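Below is one structure, written out as structure tokens; comments come after it.
The shown structure was predicted, so the numbers you read here are calculated from the model rather than taken from an experiment.
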Amino acid sequence: MVVFRPRSFCASESDVKKLSVVTFLPLSRNGSISLITTFSESLSPVGRLGSLPRYGKTLQMYLDFRSQATQNLIPNLSGLLAIYCRKQHRVFDGKSSKDGTVWHEEHVGTRLPFTPIEPYAADGEPTAKARRSISSRFQSFLCFITLDMLHSIQEWTIQHAQQTEHVHWFMDLPELMAFIAIVILRGVYRVPSVNDCWSANLGNPQIIGTMARNRFQDIMQHLRFDDKSTRSDRAKTDKFAAISSVWGSFVTNCITCYNPGLHITVDEQLFPSKTRCCFLQYIASKPDKFGIKFWVACDLKSKYICNVFPYLGKDPNRPTGERLSENVVMRLMEPFLDKGRNVTTDNFFTSLSLAQKLLGRKTTILGTVNKIRREIPQSTRQTDRNEFTTQVCCRSFVVLCLCKTVYILSSMHSVVQTDNTTKRKPNTVTLYNKTKCGVDVMDQMVREYTVRKGTRRWPVAVFYNMIDMAALNAHVLYQACTGTKERRVDFLVELARELARSHVAAKKARKDQLLRTQPSTPSPGKRATCQVKHRCKKNQATVRCVHCYRYTCGKCRRQIPWQCQDCE
């Protein structure tokens with residue numbers, strides 16, 4: 001008895017039952033060949049024809065020949081086997097890859113031998129907790145940059161300032177909110193430098209009325225997000241230690257405030273920066289070559305940032321043998337698994353093993369595949385294919401669709417169909433084109449009014465990105481909870497005004513109190529400088545205004561017409 005290796009094929013369940021018996025094919029008058037089909041648990045390469053789609057076992061063929069004439073007919077056995085199997089109407093030619101993965105070619109429009117999971121039915125919406133707490137732009141922003149986070153930033157900023165500048169240096173919470181308001185307004189009103197925000201020609205009245213330039217620069221100089229005295233110990237195990245506490249709270253708030261819809265897009269974001277840090281990335285294909293890379297998961301419809309974390313280099317906690325791309329997708333999708341959602345990825349992330357992991361958690365995948373991956377069939381790499389043809393290969397749980405030179409892997413399609421246009425585009429490619437742009441559009445929206453400015457400290461650069469993402473998510477939540485449709489630029493301006501309102505009101509109250517305490521007239525023989533300066537620059541004054549209590553010169557006072565007692 002010898003083992004024979006014919007060309008590979010795939011058998012269905014009915015064929016297994018029919019072929020699992022001893023079959024005699026009369027080939028010559030001198031003898032016959034006994035064709036016996038058996039199953040083996042091990043995937044031995046000897047005599048392997050292909051992996052069965054439902055059993056995952058190996059189909060082997062053993063030849064029992066009696067004469068030399070039979071041996072001469074062995075090369076024709078594969079053809080005879082193919083003829084026999086075609087008579088059963090359920091056997092197809094198989095295609096294997098470098099790593100031994102066997103794919104089975106199907107016709108376009110044929111229902112594939114697997115049933116997709118039930119898709120997630122609801123659209124993206126805020127959670128019940130977010131709906132209860134949001135009635136204004138300020139409250140929607142506080143869902144992501146919470147008061148506890150602001151208190152932490154305030155504490156470490158004061159600590160650093162008192163250690164380096166003055167022991168009595170202080171900053172209250174409303175002033176920190178006003179500082180963030182100016183940071184947001186700088187992204188809306190773009191000016192060449194920080195000083196121009198307070199200049200006479202390019203300055204913005206809202207920024208000028210919120211905080212003095214020197215005070216803003218003083219806070220920026222001392223802005224810190226952790227305890228510097230313990231940072232060196234924490235940095236041994238956490239490269240993100242300088243801002244990891246605040247960043248972790250922000251990511252948790254993003255996850256708990258919104259339930260994404262059916263489609264989630266996973267991709268990378270390069271936040272432009274040239275600060276000195278050990279995880280700075282260089283990506284030549286990006287508009288800004290240098291920056292800090294973040295892995296981002298976005299809701300497709302609303303562009304809400306569902307989950308995000310930075311790339312810090314090699315992760316020692318990643319399991320041995322697990323690809324970085326698989327680890328990234330599973331970490332980003334962990335809070336949203338087991339619901340029937342679909343994740344769209346590009347060819348960096350998509351793989352057969354990732355699709356299998358996600359399918360085990362009731363999540364499908366749709367994405368392009370790099371054609372050099374070992375699980376891709378060798379026969380699909382031919383270049384002499386017609387321009388508008390589609391080739392479909394399937395396994396037990398996924399379908400691989402080849403259109404032109406694009407490989408699409410999907411575990412959510414049970415039928416691959418082409419449209420009626422001249423391009424004959426398959427439905428997998430059409431859906432991928434609609435769902436692939438979530439993170440890219442989000443990054444484009446963030447860049448339009450980004451608060452990013454030049455800095456030498458990478459925690460400040462991360463803080464800028466966090467403010468951008470928080471403002472975008474706050475805009476999505478505000479519109480969903482209040483039903484108000486508002487342009488994002490208008491939302492940012494009003495958000496900055498609400499953030500600075502308490503500080504501006506307190507500042508105005510202190511100024512009024514100082515004006516009230518000054519004497520009604522200057523000291524005898526002296527004159528005060530005009531405090532209105534509406535029509536003058538440095539005129540002298542001796543009289544105060546009866547309403548605002550400011551010294552007013554003759555040019556800046558308002559003449560009141562003569563009135564009678566009845567018209568008063």
Side-chain angles (χ1 to χ4, degrees), residues 7-15 49-56 82 85-86 88-117 119 342-347 349-356 358-359 364-436:
R7 67 192 182 101
S8 59
F9 73 96
C10 168
S12 63
E13 183 179 3
S14 60
D15 297 322
L49 296 182
S51 298
L52 294 178
R54 298 195 180 185
Y55 295 95
C85 292
R86 289 191 183 98
Q88 309 302 324
H89 304 292
R90 292 297 299 272
V91 179
F92 306 91
D93 292 334
K95 299 181 181 299
S96 60
S97 58
K98 285 185 177 180
D99 64 350
T101 303
V102 177
W103 297 85
H104 317 300
E105 188 171 1
E106 298 284 356
H107 296 290
V108 175
T110 304
R111 182 164 292 277
L112 304 177
F114 64 90
T115 303
I117 64 175
N342 176 72
V343 55
T344 303
T345 57
D346 61 13
N347 57 11
F349 302 96
T350 313
S351 65
L352 191 61
S353 56
L354 175 61
Q356 188 172 6
L358 290 172
L359 206 60
T364 58
I365 188 173
L366 175 66
T368 56
V369 188
N370 196 330
K371 66 179 181 180
I372 66 174
R373 285 195 181 272
R374 295 177 58 84
E375 60 260 30
I376 299 300
Q378 296 286 333
S379 59
T380 61
R381 301 181 183 181
Q382 59 184 358
T383 58
D384 57 345
R385 188 179 292 105
N386 293 335
E387 185 177 5
F388 301 122
T389 58
T390 300
Q391 186 177 359
V392 180
C393 299
C394 76
R395 274 183 60 81
S396 57
F397 55 91
V398 293
V399 57
L400 179 67
C401 179
L402 174 60
C403 180
K404 294 185 180 179
T405 59
V406 179
Y407 294 78
I408 301 290
L409 186 73
S410 172
S411 59
M412 66 178 301
H413 290 86
S414 59
V415 179
V416 177
Q417 297 175 333
T418 56
D419 54 24
N420 295 326
T421 61
T422 56
K423 293 185 178 181
R424 309 291 296 173
K425 189 178 295 185
N427 55 349
T428 53
V429 176
T430 303
L431 183 60
Y432 174 76
N433 290 338
K434 292 180 180 178
T435 58
K436 68 180 180 179

Open item on the list: Donor-acceptor pair, distance only, cut-off 3.5 Å: does the side chain of Asn427 make one with the backbone of Gln417?
Closed with: yes
Task: 4.5 Å side-chain heavy-atom contact, Arg395 and Leu352 - done: yes
- [ ] Would you check if there is a donor-acceptor pair between the side chains of Thr345 and Thr350 at a distance under 3.5 Å?
- [x] yes
Open item on the list: Contact between Met412 and Pro119 at the side-chain level, heavy atoms closer than 4.5 Å - yes or no?
Closed with: no
Task: Side-chain touch Leu400/Pro377, heavy atoms, less than 4.5 angstrom - done: yes
Open item on the list: Using side chain to side chain contact (heavy atoms under 4.5 Å, CB included), reason through Glu106 and Leu112 one step at a time and then give a plain yes or no.
Closed with: CA-CA 8 Å; Glu106 298 284 356; Leu112 304 177; 3.8 Å; yes
TODO: Go through the steps for Thr364 and Val343 under the test side chain to side chain contact (heavy atoms under 4.5 Å, CB included), then give the verdict.
DONE: CA-CA 6 Å; Thr364 58; Val343 55; over 6 Å; no
TODO: State whether the side chain of Asp419 and the backbone N or O of Lys425 hold a donor-acceptor pair below 3.5 Å, judged by distance alone.
DONE: yes
Open item on the list: Side chains of Asp346 and Tyr432, heavy atoms from C-beta outward: is any pair under 4.5 Å?
Closed with: yes
Open item on the list: Between Thr368 (side chain only) and Asn347 (backbone N and O only), is there a donor and an acceptor less than 3.5 Å apart?
Closed with: yes
Task: Student check: side-chain heavy atoms of Leu431 and His413 closer than 4.5 Å - done: yes
TODO: For the pair Trp103 and Val398, evaluate side chain to side chain contact (heavy atoms under 4.5 Å, CB included) and give the outcome as yes or no after the intermediate values.
DONE: CA-CA 10 Å; Trp103 297 85; Val398 293; 4.0 Å; yes
